[in-house]
Every structure is written in structure tokens, then in C-alpha cells.
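The block underneath contains the structure these notes are about, expressed in C-alpha cells.
FYI, the numbering just counts along the sequence from 1.
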Amino acid sequence: MAEILAQPYPYPLPPLSQLALVIIDMQRDFLEPGGFGAALGNDVTQLQAIVPTVQTLLNTCRTLGITVIHTLECHRPDLSDCPPAKRKRGKGSLTIGDRGPMGRILIQGEPGNAIIPELTPQPGEIVIQKPGKGAFYHTPLSQELEQRAITHLLFTGVTTEVCVQTTMREACDRGYECLLIEDATASYFPDFKSATLNMVTAQGGIVGWTAPSTEVLAGLATL
Ligand code: TIU
């Protein structure tokens, strides 16, 4: 049986059609100066290190015909899907809906809300706009996965302990077999990233698996 060498034990690979690559929130708002991440006081440059790795994984999945899902954290221009409590939190220089150098912060269609050019979705790839940290909350993600009979999810993106972990936990509760690709996810806080990797795999893989991209690519090459 095909598998990926992973923690805490090998991840069994299903047929390609049941697998999806999930790329969480690789949008300018989090990776470039002047967006939401920077407004919260973070050094956004450290997230950029994973871009080549995510690009390699994306290109491989495209070549193999694996389903690709991109997510974006964003809100409607009238903020009707943004809880006031979320907007108030952070107390940064700018908050959700305010106008910054890349347009309105975390608002659909604004320049800062675009996925970074290196990872621009291709026609046919699923793009999920999500108002929360988790990609299942108030989105059509469940239906998209069920329609395609997808059972296994490979996670990449930012930030590890916020939107990636929340989505992975939501997916775990829904019965998906989840693997987080270690060098394809990043946090503004390196300690939080390593703690999250440990949280996922502890207790016999309470949330799922983790593996480096080299092992993921080696496993996919055997399918
Ligand atoms: N602030 C932070 O670490 N993350 C977010 O607000 N959203 C995502 O993780 N995408």
C-alpha cells in the first residue's frame, strides 16, 4: 500500500482521486507589508520562506491531477459576515475593513486579499472564501469535498496555529485523514509552529500526521 513516511507513523495514501492539497490563506494580507498580518504587529517576511515549497507541491499536484483547494480569509465589503467581536480584536493600527496600502483590510476583491502571484489558482481549482479561521465554517467546503468523494487532505499555508490548525481540527472532526506538511506551513511565531506540529501528532496522531515535503513528494511519486 502506498504511504508517506510521517509522524507519528506512516500515512496511508488513497487513490489520487480521493486526495486534495489544501493551501490555506496564502494571500497578500498575511505575507506582504501593509496587510492584516502586519496590522496585527507581525513581521510578515518570515512567512515568505515557505513559498517555493508550496509552489513545488502545487505544481506536483497539478501534474498528477490531484484536487487543489485554495482558501482565503475575507469578508464581504459591507462586513455583514464579520462578527463585531472579530473586528474589535487585535487593536492594531488598522482593523478589518479599514483602508490600507493594499486596499481594505481582509475584504473580498481588494488587492491585499489576492492569493500571492506565485500560487495564483488555475481554472478548475477550488477557491474557498471563508469568514472565519476554519475553512468549514460558513463555506461550501464540505459539499465540494463530498461531491468529489475526497477522504484525505494534505495541508499547507498560514498561519500554522491559527487558520491551518483550526481547519485541520474541523476536518478531523468530519472524518478526513489529515496530514500537515511541515516545511509548507509557517507562523509569525516559530515556537507556535513547532508546538502545533507536536499537538497534531501527539497521542497517536490525535489530529493527524505531519511530514516534510520531501517525504510527501516521494509518497506521491509511488501512486
Ligand atoms: N493572525 C494569524 O496568525 N492568522 C490569521 O489571522 N489568519 C490565518 O491564520 N490565516
Side-chain angles (χ1 to χ4, degrees), residues 4 6-7 11 14 18-31 36-37 40 42 47 50-51 53-54 57-58 61 66-75 81-83 86 89 96 106 108 113 115-116 119 121 125-189 192-203 205-211 213 216:
I4 293 170
Q7 294 297 327
Y11 176 81
Q18 288 172 233
L19 198 55
L21 176 72
V22 185
I23 305 176
I24 303 279
D25 299 0
M26 290 294 283
Q27 58 200 78
R28 298 181 66 201
D29 273 313
F30 294 111
L31 283 107
F36 186 55
L40 293 173
N42 297 302
L47 300 195
I50 65 167
V51 172
T53 307
V54 180
L57 289 159
L58 176 59
C61 289
I66 292 172
T67 298
V68 176
I69 300 167
H70 306 260
T71 73
L72 283 171
E73 184 174 346
C74 59
H75 294 280
D81 59 355
C82 182
K86 179 177 181 183
R89 219 167 313 125
I96 299 168
L106 233 53
Q108 287 170 1
N113 206 230
I115 289 174
I116 58 167
L119 304 172
E125 293 177 352
I126 301 165
V127 179
I128 299 287
Q129 296 188 319
K130 61 185 184 63
K133 303 304 182 193
F136 288 85
Y137 173 70
H138 277 197
T139 75
L141 180 55
S142 281
Q143 294 94 295
E144 297 283 5
L145 295 172
E146 283 162 23
Q147 272 169 22
R148 293 167 177 79
I150 286 167
T151 54
H152 288 58
L153 302 175
L154 303 176
F155 281 93
T156 65
V158 297
T159 61
T160 315
E161 78 283 10
V162 184
C163 293
V164 177
Q165 182 172 209
T166 303
T167 302
M168 205 169 163
R169 287 177 181 276
E170 288 181 324
C172 179
D173 281 350
R174 287 164 173 78
Y176 294 96
E177 304 280 21
C178 299
L179 182 143
L180 176 55
I181 305 176
E182 294 160 12
D183 48 338
T185 183
S187 169
Y188 300 119
F189 305 90
F192 291 178
K193 171 176 168 175
S194 80
T196 302
L197 297 177
N198 290 333
M199 279 181 227
V200 163
T201 56
Q203 306 182 64
I206 192 81
V207 181
W209 288 258
T210 67
S213 60
V216 173

> Out of curiosity, Gln165 CD to Cys178 SG, how far, rounded to the nearest 0.5 Å?
Replying inline: 11.5 Å
>> To the closest 0.5 Å, what do you measure between CZ (Phe30) and CG (Asn113)?
In response: 8.5 Å
> What are the two closest heavy atoms between Ala135 and Thr167, and how far apart are they?
Replying inline: N-OG1, 3.0 Å
> With side chains defined as the heavy atoms from C-beta onward, is the minimum distance between Leu154 and Leu19 less than 4.5 Å?
Replying inline: yes
>> Testing the 3.5 Å rule here: is there a donor-acceptor pair between the side chains of Thr53 and Ser213?
In response: no
> Can you find a pair of side-chain heavy atoms, one from Ile23 and one from Thr71, that are under 4.5 Å apart?
Replying inline: no
> Side-chain contact, heavy-atom cut-off 4.5 Å: Phe189 with Asn42?
Replying inline: yes
> To the nearest 0.5 Å, how far apart are CD1 in Ile181 and CZ in Phe155?
Replying inline: 10.0 Å
> Which value, rounded to the nearest 0.5 Å, describes the distance between Glu177 atom CD and Tyr11 atom OH?
Replying inline: 6.5 Å
> Trp209 and Thr201: which non-hydrogen atoms are nearest, and at how many Å?
Replying inline: C-CG2, 4.2 Å
> Less than 4.5 Å apart, any side-chain heavy atom of Ile150 and any of Pro14?
Replying inline: no
> Just checking, any donor-acceptor pair under 3.5 angstrom between side chains of Glu182 and Thr210?
Replying inline: yes
> Stepwise, does the side-chain contact (heavy atoms from CB on, under 4.5 Å) test hold for Met26 with His70?
Replying inline: CA-CA 8 Å; Met26 290 294 283; His70 306 260; over 6 Å; no
>> Closer than 4.0 angstrom, basic N to acidic O: yes or no for Glu161 and Lys193?
In response: no
> Who pairs with His75 by side-chain hydrogen bond (donor to acceptor under 3.5 Å, both in side chains), at least two apart in sequence or on another chain?
Replying inline: Asp81, Lys86
> If you look at every heavy atom in Gln18 and Ala149, which pair is closest and at what distance?
Replying inline: CG-O, 3.4 Å
> Should Thr159 and Leu47 be marked as a side-chain contact (heavy atoms from CB on, under 4.5 Å) after you check the CA-CA gap, both sets of side-chain angles, and the distance that decides it?
Replying inline: CA-CA 8 Å; Thr159 61; Leu47 300 195; 4.3 Å; yes
> Does Asp25 have any salt bridge (Lys or Arg N to Asp or Glu O under 4.0 Å) partners at least two apart in sequence or in another chain, and if so, which?
Replying inline: Lys130
> From Glu170 CD over to Ser142 OG, what is the distance, rounded to the nearest 0.5 angstrom?
Replying inline: 8.5 Å
> Within a strict 4.5 Å, meaning less than it, do heavy atoms of the Val200 and Met168 side chains meet?
Replying inline: yes
>> With a 4.5 Å cut-off on side-chain heavy atoms, are Ile96 and Phe36 touching?
In response: yes
> Which pair of non-hydrogen atoms, one from Ala184 and one from Val54, has the smallest distance, and what is that distance?
Replying inline: O-CG2, 3.7 Å
> Can you check side-chain contact (heavy atoms from CB on, under 4.5 Å) on Thr156 and Leu57, steps first, answer last?
Replying inline: CA-CA 9 Å; Thr156 65; Leu57 289 159; 4.0 Å; yes
>> Could you tell me if the side chain of Ile128 sits less than 4.5 Å from the side chain of Leu72, heavy atoms only?
In response: no
> What closest approach, in Å, do Gly157 and Thr185 show between heavy atoms, and which atom pair accounts for it?
Replying inline: O-OG1, 2.8 Å
>> Applying side-chain contact (heavy atoms from CB on, under 4.5 Å) to Val164 and Val162, what does each step give before you reach the verdict?
In response: CA-CA 6 Å; Val164 177; Val162 184; over 6 Å; no
> Taking all non-hydrogen atoms of both residues, which atom of Ala6 and which atom of Leu179 are closest, and how far apart?
Replying inline: CB-CD1, 4.0 Å
> Can you find a pair of side-chain heavy atoms, one from Leu145 and one from Arg174, that are under 4.5 Å apart?
Replying inline: no
>> Taking side-chain hydrogen bond (donor to acceptor under 3.5 Å, both in side chains) as the definition, give me every residue that meets it alongside Arg148, ordered by chain and number, with sequence neighbours left out.
In response: Glu144
> What's the spacing between Thr67 OG1 and His152 NE2 if we round to 0.5 Å?
Replying inline: 13.5 Å
